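Inspection log for the structure reproduced underneath, given as structure tokens.
Counting starts at 1 for both ligands and their atoms, in listed order. Since the model is a prediction, treat every value here as computed from it, not as a measurement.
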Amino acid sequence: MAEAAERPRVKYSVQLTFIGIFFAFIAVSIGLLNTYPTISARDSVFAAKQGALSGQATVMSVSLSALEQLSGDGVEQVMALVDVGDFDLVVVTDRAGLVLYDTDSLGDSRGTPCDYPQVAAALEGMLRFDCHYTGSAFLSTVAAPVMSYGSVIGSVYIYEEDGDQAAIINSIQARLRSISVIAGAVTLVVIVFFTRFLTRRLRELVDAMRIVQDGDYDYRVRVRGGDEVSALGAAFNDMARRLKSTEELRRRFVSDASHELRTPLASIRLLSDSVVQSEGMDPGTMREFVTDIGTEAERLQRMTEKLLRLTRMDAGIAGEKSTVSLNKIVGRVTHLLEPLARQEGVSLYTEKNGTARIRASEDDIFQIVFNLTENAIKYNVYGGKVFLRVEAAKGSAALTVEDTGIGIPEADMPHIFSRFYRVDKARSREAGGSGLGLSIVSDAVAANGGTISVSRRETAGSRFTVRFPLWTGEEEME
Ligand SMILES: Nc1ncnc2c1ncn2[C@@H]1O[C@H](COP(=O)(O)OP(=O)(O)OP(=O)(O)O)[C@@H](O)[C@H]1O
Ligand SMILES: [Mg+2]
């Protein structure tokens with residue numbers, strides 16, 4: 001009995017793999033979508049702020065540089081003319097960094113040192129800008145030196161806190177977040193449905209394979225659509241169909257073979273029982289019985305030899321190929337079958353045109369010529385004729401076996417190459433046939449790259465024609 005095949009289990013579902021990959025992909029996309037636009041918006045706000053504040057600081061510093069010497073009152077007067085209302089803090093210091101002017105209304109810082117690092121940088125003659133984003137506001141500072149005749153006489157410091165731009169960026173970010181969450185959720189639902197549909201179809205296929213594996217060769221999967229899974233289903237159905245026909249052939253072969261073997265075995269049994277049971281049988285009758293047993297045994301031997309040959313051919317075990325002369329084989333076969341032809345009152349005629357050499361297994365070609373000629377003699381009439389004609393032309397070597405015998409009815413023609421098929425069972429059995437000869441012929445023809453055809457002869461009998469590619473190589477003949 002065949003060992004039960006282990007059924008593969010699904011370890012990693014296609015659906016889960018798909019969803020996993022999708023999740024990773026969506027996580028990366030949402031991450032990028034939520035950081036990249038914010039960063040670039042922030043950078044452009046930084047640039048805008050730098051331009052605006054630096055411009056303002058320069059305007060103030062140029063206005064103050066007209067004073068030559070910075071004093072509290074002088075600065076106050078100049079600053080009154082400049083618009084400082086938009087900023088959260090504006091400070092003007094003298095050269096030593098002491099505060100001369102301060103828009104901070106809380107506490108009077110005049111005369112106190114200003115310790116902002118930006119101011120220190122400005123007193124050294126540099127324009128310094130800093131901007132910082134807290135998440136809810138942009139904090140920007142700028143400090144510019146006040147110059148007079150090429151030397152620093154003080155500095156201007158501006159500080160601004162901008163919550164509006166930050167609010168815009170935050171609202172864009174919030175919108176992007178909700179859009180990506182909705183898009184992610186919708187895609188997830190679609191992916192779940194799609195993969196469930198796909199895995200259901202694959203599961204249907206796996207189930208169908210198991211059903212067929214269990215022996216129900218008629219089971220078919222439903223093929224819908226035109227995608228790869230449908231193609232897989234169609235290929236599977238086709239395979240199941242072939243499996244069914246192979247299985248049927250195998251069953252029929254086994255049953256036919258046992259049936260064929262049973263008849264001679266039963267005869268042997270009957271004959272031997274008769275010999276054993278009838279005491280005092282005269283030696284003449286006894287010899288007759290034993291001869292019959294021998295004939296039946298011989299038939300069994302021939303049949304098993306033919307079955308073995310067919311099995312070897314089925315397994316693809318090909319005979320070794322060499323350069324074979326059709327004329328030579330025809331000569332050997334006619335020599336061997338001459339006694340049978342004489343016994344049946346049939347005359348053999350051969351006609352050889354040209355050297356028909358082919359590349360084939362010599363044993364296979366012998367089987368072909370022998371079986372066809374033997375049939376032509378066996379299924380003939382007393383006084384009938386058999387013609388064997390070999391021709392080599394147009395790149396092919398042909399052998400025609402023609403007889404003037406009983407012929408094959410049109411309806412039986414398609415079946416005569418099937419195993420155990422006999423047109424007239426009684427006649428074939430009488431002639432010692434088993435219905436395997438032509439199966440061997442057709443298998444051997446195919447194994448050697450040839451073709452075979454059969455037709456009725458115009459007046460009476462049949463004509464078998466076998467064709468092979470002509471061998472024109474230089475190889476030595478054995
Ligand atoms: N030349 C022929 N003329 C008439 N009938 C034929 C001829 N050749 C074959 N047949 C028919 O085809 C059947 C199948 O032939 P095949 O050679 O396969 O088997 P067989 O001759 O009966 O047995 P085996 O060849 O195994 O001894 C034969 O039984 C016979 O009825
Ligand atoms: Mg035969």
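A donor-acceptor pair under 3.5 Å is formed between the side chain of Asp282 and the backbone N or O of Gly284. Side-chain atoms of Ser54 do not come within 3.5 Å of backbone N or O of Gly51 as any donor-acceptor pair. Under the 3.5 Å distance criterion, the side-chain polar atoms of Thr404 are matched with a main-chain donor or acceptor of Lys385. Checked by atom type and distance alone, the side chain of Asn375 never pairs as donor or acceptor with a backbone atom of Gly437 at under 3.5 Å.
Put simply, CZ on Arg389 and CG on Leu399 are 9.5 Å apart, with the number rounded to the nearest 0.5 Å.
Of the N and O atoms on the side chains of Asp227 and Ser230, at least one donor lies less than 3.5 Å from an acceptor on the other residue. At a cut-off of 3.5 Å, with distance as the only test, a side-chain donor of Asp364 or Asn448 sits close to an acceptor on the other residue.
Interface of Arg422 with ligand 1, defined as ligand atoms under 4.0 Å from a residue heavy atom, comprises 13 (C), 22 (O), 29 (O). Atoms of ligand 1 found under 4.0 Å from any heavy atom of Asp424, numbered from 1 in the order shown, are 31 (O). For ligand 1, the atoms closer than 4.0 angstrom to any heavy atom of Gly433 are 23 (O), 24 (P), 27 (O). Interface of Val423 with ligand 1, defined as ligand atoms under 4.0 Å from a residue heavy atom, comprises 11 (C), 29 (O), 31 (O). Counting the atoms of ligand 1 from 1 in the order shown, those under 4.0 Å from a heavy atom of Ile416 are 12 (O). Residue contact check: Leu438 has heavy atoms under 4.0 Å from atoms 9 (C), 15 (O), 16 (P), 17 (O), 18 (O) of ligand 1.
Contact annotation: for Lys378 versus ligand 1, heavy atoms closer than 4.0 Å belong to the side chain alone. Proximity of Met303 to ligand 1, defined as any heavy-atom pair under 4.0 Å, is not found for any part of the residue. Both the backbone and the side chain of Ser434 come within 4.0 Å of ligand 1, judged by heavy-atom distances.
Not a single heavy atom of Gly405 lies less than 4.0 angstrom from ligand 1.
With hydrogens left out, the protein atom closest to atom 13 (C) of ligand 1 is Tyr421 O, 3.6 Å, a heavy atom. Distance from atom 19 (O) of ligand 1 to its nearest protein heavy atom, with residue and atom name: Gly435 CA, 3.1 Å. Among protein heavy atoms, the minimum distance from atom 9 (C) of ligand 1 is reached at Asn375 ND2, 3.5 Å. In terms of protein heavy-atom proximity, atom 20 (P) of ligand 1 is nearest to Tyr379 OH, 3.4 Å. Nearest protein heavy-atom neighbour of atom 24 (P) of ligand 1: Lys306 NZ, 3.2 Å.
Surrounding CZ of Arg287 are at most 12 heavy atoms belonging to other residues, nucleotides or ligands under 6.0 Å away. Annotation: Arg222, atom CZ; neighbour count of heavy atoms from other residues, nucleotides and ligands within 6.0 Å does not exceed 12.
Using a cut-off of 2.8 Å, one finds that Asn375 contributes an N/O/S atom close to the Mg ion (ligand 2).
Residue Glu260 forms a salt bridge (charged side-chain N to carboxylate O under 4.0 Å, His left out) with just one option from Arg419, Lys306, Arg422, and that option is Arg422.
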